[in-house]
Amino acid sequence: MPEALGARRIAALLAERTELPVTSDDIQRLVADGYLVAKDEYKGWPMYLTADALTVDAELLRRIVDERVAWMQASLTRDQAAERIGWHWRDIDRMGREGRITVGALDRYLVEDLDRLAAEADGEQYITAQAAADVLEIRPADWKYVEAAGWAAPVATYEQPVGRERTVTVALFRLGDVRALREMPGVDWEAVRGLPKGAASPLREYARLAPTRAAAIKGFCQGIADRHGVEVWAWCSPYSGGWEVDWERVGGAPTRKQVAQELADDPAAAGYAPEITLSPEWGRITRSARRLLEPDVAVIVDTETTSLDGQTIEIAIIDAATGRKRLDTLVKPTERISHGAYWVHGISDADVATAKPWEAVLPRVRKHTRDRIICAYNVAFDRTIILGDTHRAGKKPLHLEPRENWFCLMNAYADWLGSNRWLPLGGGHRALGDCESARTVLQTMAKGRGTAFAPGQKARPRALPRDRA
């Protein structure tokens, strides 16, 4: 028998010896957990000592195989996932990168998440302009007027190869935004549908008027910024077709009443006042987010656990203002890590075997969260886990317990977007990465929506967020 073999041949050897369906993926798990170490390589492929492989405990190997088989049964490949729920593979890939679908070992997607996504997130798919026109049952030429009127804006693009050496940029639109256009008041879609090629479109009039309204409202917003020395945000909602405007407050000013009076006195924008909403909910959240990003105000916390309602096995804390890492450590639990949890975050029992228990980590958690607002993407989860571990260890939670000391970024982000759905976070399902992703969400909310207007400066367009309504 050769002294060293590659992963596939090691797998075949162990399968023959144990009568288990061992694969090279199981060998990689053994390597990750430190049971096998590469001793050589052949054409870039690692080689493992045959003698080491033969000493692997059969029960350990059985558990690893069973976990992989269970994950394979509970998950699908990207293409299988796309076929299951009828989405384009690009949407599946994007939802995985954003954390909306659990992506575990072998780059597979959790079926439970896929089915939930199909039921709860229909409308979040990205479609081309041609597909958008098909949804509205209008001609592609008419869709150009929809864009020109400011009713729809691309949320992403991709490069489509044309021939051997050239690509074209294809704009993508959110399906839910396109569907919402059907309910836009004052638009006779039936008059647009079924028009023959070359016939004039009734939508041309909206496209012609749109720049006038937008220019008047943007000019009004710049005036607020200049007069009061504050940043102003303006966003044209694709759902209502109207504009939403909010602004910074300095010492509480300018008030909504002041801005409403200024709007009434503005000769260009006053005529559009019924189409302008002042101080929408997302504006209040934007101001809260900006406060949380100020120095010495807040930290962001995330935990990874043994199971959905289990114990902490990893915790990270970062400074909200700077992103600086304050704590990032594994934690030794008093229970085993569940199979499902392992395939999500990749932390094994071996990884935490030598880590400090919660009672030894708790003083550092207290230190780095004291006198700070504690932000978490899902406060209901992380706060419950931390308090559960603290009570289990017989310790007092102190400032970690009062609900008013916590700020839920997930709930705030949903309200900011106008969504009533639970929005998973993309961060790789490790505590530090999730903290950093949560901080990105906080920074996104702090930028306001639509276009930003600063005193004495030209308007700065913002990329439209991935709205979920």
Side-chain angles (χ1 to χ4, degrees), residues 1-84 92 96 101-115 304-311 313-314 330-355 428-430:
M1 188 174 297
E3 181 182 6
L5 295 170
R8 290 187 179 181
R9 294 190 64 188
I10 288 286
L13 174 63
L14 292 180
E16 181 181 353
R17 293 294 180 96
T18 63
E19 297 185 352
L20 294 171
V22 185
T23 70
S24 58
D25 295 319
D26 301 317
I27 304 305
Q28 296 306 320
R29 171 72 185 278
L30 288 170
V31 173
D33 286 352
Y35 294 105
L36 289 179
V37 178
K39 296 297 183 180
D40 201 352
E41 67 173 44
Y42 177 72
K43 293 185 177 181
W45 295 96
M47 304 287 285
Y48 307 95
L49 290 178
T50 306
D52 288 351
L54 294 176
T55 62
V56 172
D57 180 71
E59 286 306 311
L60 168 67
L61 185 60
R62 182 183 302 278
R63 180 167 63 85
I64 289 176
V65 170
D66 288 346
E67 288 179 359
R68 175 183 54 78
V69 170
W71 172 245
M72 296 290 284
Q73 292 174 344
S75 63
L76 297 171
T77 66
R78 186 192 66 186
D79 291 344
Q80 289 171 334
E83 182 178 359
R84 181 181 180 90
I92 299 294
I101 315 172
T102 297
V103 186
L106 313 179
D107 292 326
R108 294 173 67 89
Y109 297 81
L110 186 64
V111 171
E112 181 181 353
D113 281 2
L114 288 166
D115 292 342
E304 299 298 332
T305 58
T306 55
S307 63
L308 191 59
D309 56 354
Q311 301 178 23
I313 56 174
E314 185 177 53
L330 293 171
V331 181
K332 184 177 182 179
T334 61
E335 63 184 20
R336 294 181 66 88
I337 298 170
S338 69
H339 296 172
Y342 169 79
W343 286 108
V344 172
H345 50 55
I347 303 173
S348 68
D349 292 318
D351 292 330
V352 297
T354 58
H429 299 292
R430 292 299 298 264

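Positions are given from 1 along the sequence.
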Q: Write out all pairs satisfying salt bridge (charged side-chain N to carboxylate O under 4.0 Å, His left out) with one or both partners inside residues 45-64, taking only residues at least two apart or from two chains.
A: E59-R62, R63-E67
Q: Kindly indicate whether the side chain of I92, heavy atoms from C-beta on, has any atom under 4.5 Å from the side chain of D79.
A: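 When only atoms from C-beta onward are counted, D79 and I92 do not touch, as no gap falls below 4.5 Å.
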Q: Looking at V111 and L76, what are the two nearest heavy atoms and their distance?
A: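 Closest heavy-atom pair between V111 and L76: CG2-CG, 3.6 Å.
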Q: So which heavy atom on V65 is nearest to which on P21, and how close?
A: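 Minimum heavy-atom contact is CG1-CG, 3.8 Å.
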Q: What salt bridge (charged side-chain N to carboxylate O under 4.0 Å, His left out) pairs are there with at least one residue in residues 103-114, not counting sequence neighbours?
A: D113-R116
Q: Applying salt bridge (charged side-chain N to carboxylate O under 4.0 Å, His left out), can you list everything that pairs with D66, at least two apart in sequence or on another chain?
A: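 Residues passing salt bridge (charged side-chain N to carboxylate O under 4.0 Å, His left out) with D66: none at all.
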Q: Report the residues that fulfil side chain to side chain donor-acceptor pair (under 3.5 Å) with E83, sequence neighbours left out, ordered by chain and then residue number.
A: none
Q: To the nearest 0.5 Å, what is the distance between CD on E314 and OG1 on T305?
A: 11.0 Å
Q: Quick one: list whatever passes side chain to side chain donor-acceptor pair (under 3.5 Å) with T334, sequence neighbours left out.
A: Q311
Q: For D349, enumerate each residue passing the salt bridge (charged side-chain N to carboxylate O under 4.0 Å, His left out) test, keeping only those at least two apart in sequence or located in another chain.
A: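 With neighbours one apart ignored, the set is R336.
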Q: Which heavy atom of T77 sits nearest a heavy atom of Y109, and at what distance?
A: C-CD1, 4.0 Å
Q: Flag the pair R84 / D115 as yes when at least one side-chain heavy-atom distance between them is below 4.5 Å, and no otherwise.
A: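 Of all side-chain heavy-atom pairs linking D115 with R84, at least one is under 4.5 Å.
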Q: Just to verify, what does S338 make a side chain to side chain donor-acceptor pair (under 3.5 Å) with, not counting sequence neighbours?
A: none
Q: Nearest 0.5 Å, what's the CD1-NE2 distance between I337 and H339?
A: 10.5 Å
Q: Which pairs would a plain distance check flag for residues 1-18, meaning a side-chain donor or acceptor within less than 3.5 Å of a matching protein atom at least two apart in sequence or in another chain?
A:
residue : atom : partner : partner atom : Å
T18     : OG1  : L14     : O            : 2.6
T18     : OG1  : L20     : N            : 3.3

Q: Measure the spacing between CD of E335 and OG1 of T306 and express it to the nearest 0.5 Å.
A: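 If we round to the nearest 0.5 Å, E335:CD and T306:OG1 are 3.5 Å apart.
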Q: Should V344 and L110 count as side-chain neighbours, where that means a heavy-atom distance under 4.5 Å?
A: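 A side-chain contact under 4.5 Å is absent here.
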Q: At what distance, to the nearest 0.5 angstrom, does CD of Q28 lie from CG of L106?
A: 10.0 Å
Q: Calculate, to the nearest 0.5 Å, the distance between atoms CZ and CD1 belonging to R430 and I347 respectively.
A: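 One gets 4.0 Å once the value is rounded to the nearest 0.5 Å.
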Q: Could you give all pairs that pass the side chain to side chain donor-acceptor pair (under 3.5 Å) test and reach residues 32-48, with sequence neighbours left out?
A: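 Qualifying pairs, neighbours excluded: R29-D33, D33-S348.
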Q: Measure the OH-CD1 distance between Y342 and I64 for me, rounded to the nearest 0.5 Å.
A: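 That separation rounds to 7.5 Å.
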Q: Mind listing the closest non-hydrogen atom pair of D351 and L330 along with its distance?
A: O-CD1, 3.5 Å
